[in-house]
Amino acid sequence: MKHASLAAALLTLSACATAPDLAEAPQMAACRPAGYDRAQLDALKAAGWTVADDAQRNALALALAECVGDPDPTVRDGIAYEGLQAWMRQRTLTNETLAALNANLQAKLTAPDASGFQRPFAALVLSEVTRTDRVQAWLTAEQRAQLVDASVAYLEGVRDYRGYDEREGWRHGTAHAADLMLQLVLNPNVDRAQLERIRGAIASQVAPNGHFYIYGESERLARPILYMAQRNEFTEAEWTAWFTQLAGDEASWSGNWYATNAGLARKHNLSAFASVIYTNVDISGEAAFAPLLPGANAMIRALP
């Protein structure tokens with residue numbers, strides 16, 4: 001999702017990873033969705049994911065969802081994610097397939113994930129499923145509410161903060177959850193009460209205890225907040241109160257916070273998040289973002 005007014009300001013990270021040396025990676029059977037071997041999948045990718053037969057394409061899409069936890073990043077990212085994204089953005093999957101993907105991926109958000117790949121990539125692909133409902137609504141209100149519930153619970157529950165590894169590729173749970181939040185925020189059928197819950201989930205991960213964000217997570221978390229402002233559901237005073245609560249009061253910064261990694265990480269992450277918001281609002285000149293500016297400014301000033 002790109003808006004021309006923000007193209008120069010918004011900082012994003014690609015979900016794609018380079019091919020690592022997998023000699024020491026966790027081993028599992030090669031993912032062969034619907035019987036396709038790797039050479040066939042590579043050829044399909046090179047051909048722009050063109051599958052003429054509708055039934056075959058939809059069956060392969062469902063099978064590819066089982067590859068999102070593959071330890072090889074060129075499979076989970078370069079094949080499973082890219083293929084599913086292509087078909088959903090081309091709008092060539094049926095609503096029945098989308099519904100099955102929605103249920104499957106939501107289940108994967110809470111399924112055991114020893115290697116830490118499946119949940120983040122299930123969230124990333126689920127963001128594309130969510131986008132299809134934004135572009136042309138097909139979920140019922142109840143199904144959409146369930147999707148919000150599952151998405152919020154996933155973001156709030158992220159505890160694996162690994163980002164990129166040269167051998168294993170991306171995990172990036174926080175960033176992928178933020179991408180999911182972005183698609184929900186952009187959906188006009190997500191109401192104010194649901195936006196409040198999304199905003200709360202984002203707040204819970206802006207400065208996780210003791211972890212320094214270094215893989216662009218602050219930028220990704222800021223994006224749904226920027227676009228949430230465009231919804232005009234919250235007043236300037238409400239936004240300022242939210243930023244003020246994020247920054248914390250003087251008591252929360254008392255003691256030798258600067259002599260602990262937890263304190264330094266909190267300062268680092270809060271500063272990064274507030275700075276991204278402030279810079280994007282200032283550079284974009286978008287009137288819809290203006291209610292964020294006093295709060296972001298106050299947050300920057302409140303930090304030690």
Side-chain angles (χ1 to χ4, degrees), residues 3 5-6 8-13 152 155-156 158 161 163 173-175 177-182 184-186 192-304:
H3 287 220
S5 60
L6 288 180
L10 284 175
L11 303 175
T12 60
L13 288 179
V152 165
L155 177 55
E156 291 178 337
V158 170
Y161 295 107
T174 302
D179 293 347
L180 177 51
M181 296 298 150
L182 174 63
L184 290 169
V185 165
L186 290 169
R192 177 190 163 105
Q194 292 168 325
L195 290 175
E196 285 185 305
R197 294 183 59 214
I198 292 168
R199 191 172 67 165
I202 291 169
S204 75
Q205 294 290 2
V206 167
N209 187 33
H211 177 76
F212 291 85
Y213 283 138
I214 60 171
Y215 295 107
E217 294 89 344
S218 298
E219 289 91 338
R220 296 278 270 275
L221 287 166
R223 291 173 71 200
I225 296 300
L226 288 162
Y227 287 109
M228 194 181 294
Q230 286 189 323
R231 297 284 305 272
N232 200 31
E233 294 284 353
F234 304 105
T235 65
E236 179 180 299
E238 288 173 318
W239 278 116
T240 299
W242 186 75
F243 281 108
T244 300
Q245 185 175 17
L246 266 181
D249 56 19
E250 288 186 17
S252 73
W253 293 102
S254 62
N256 297 331
W257 65 266
Y258 50 82
T260 68
N261 276 324
L264 291 168
R266 181 187 177 206
K267 168 69 182 302
H268 167 85
N269 294 331
L270 290 174
S271 296
F273 180 79
S275 296
V276 169
I277 295 288
Y278 186 91
T279 301
N280 279 279
V281 174
D282 185 52
I283 291 176
S284 72
E286 289 282 343
F289 298 152
L292 298 176
L293 199 60
N297 184 38
M299 182 175 173
I300 292 169
R301 293 176 179 274
L303 295 175

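By the side-chain hydrogen bond (donor to acceptor under 3.5 Å, both in side chains) test, N256 pairs with Y258, sequence neighbours left out. Here H268 pairs with F212 under the ring-ring contact (aromatic ring centres under 6.0 Å, His included) rule; sequence neighbours left out. In this structure R199 satisfies the side-chain hydrogen bond (donor to acceptor under 3.5 Å, both in side chains) test with no other residue, sequence neighbours excluded.
Put simply, the side chain of Y215 does not reach to within 4.5 Å of the side chain of T174, judged on heavy atoms. Looking at I277 and V281, their side chains come closer than 4.5 Å, going by heavy atoms from C-beta outward. Using a 4.5 Å heavy-atom threshold, the side chains of W257 and K267 count as touching. L182 is listed as a side-chain neighbour of Y227, based on a closest heavy-atom distance under 4.5 Å. Side-chain contact between Y278 and M299 is absent, with no heavy-atom pair separated by less than 4.5 Å.
Taking every heavy atom of both residues into account, L270 and A247 meet most closely at CD1-O, 4.2 Å. Between R231 and L184 the shortest heavy-atom distance is NH1-O, 4.5 Å. Residues A201 and S204 approach most closely at O-OG, 2.6 Å, considering heavy atoms. Nearest heavy atom pair, residue N280 against residue V276, reads ND2-O, 2.7 Å. Nearest heavy atom pair, residue P208 against residue N269, reads CD-ND2, 4.0 Å. For A178 against P224, the heavy-atom pair with the smallest separation is O-CG, 3.9 Å.
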| request: Start with the C-alpha gap between E219 and R223, add the side-chain angles, then the distance that decides, and say whether salt bridge (Lys or Arg N to Asp or Glu O under 4.0 Å) holds. | output: CA-CA 6 Å; E219 289 91 338; R223 291 173 71 200; over 6 Å; no

| said: Working note: Y213 + V206, criterion side-chain contact (heavy atoms from CB on, under 4.5 Å); need CA distance, chi angles, decisive distance, verdict. | reply: CA-CA 9 Å; Y213 283 138; V206 167; 6.0 Å; no

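The environment of R192 atom CZ is dense: over 12 non-hydrogen atoms of other residues, nucleotides or ligands sit within 6.0 angstrom. Crowding of Q245 atom CD: a count of heavy atoms from other residues, nucleotides or ligands under 6.0 Å not exceeding 12. Sparse packing is recorded around CG of N209, with 12 or fewer heavy atoms of other residues, nucleotides or ligands lying under 6.0 Å away.
Between F273 and W242, the ring-plane angle classifies as perpendicular under the 30° and 60° cut-offs. Aromatic ring orientation, W239 versus F243: tilted (interplanar angle from 30° to 60°).
Here the CD1 atom belonging to I198 is positioned 11.0 Å from the CD atom belonging to E156, to the nearest 0.5 angstrom. Rounding to the nearest 0.5 Å gives a distance of 7.0 Å between CD1 of I300 and OG1 of T279. With rounding to the nearest 0.5 angstrom, the CD atom of E238 is 11.0 Å from the CD atom of E236.
Although no hydrogens or angles enter the test, the distance criterion places a donor-acceptor pair under 3.5 Å between the side chain of Q205 and the main chain of L155. In this structure a side-chain-to-backbone donor-acceptor pair under 3.5 Å is present from S252 to D249.
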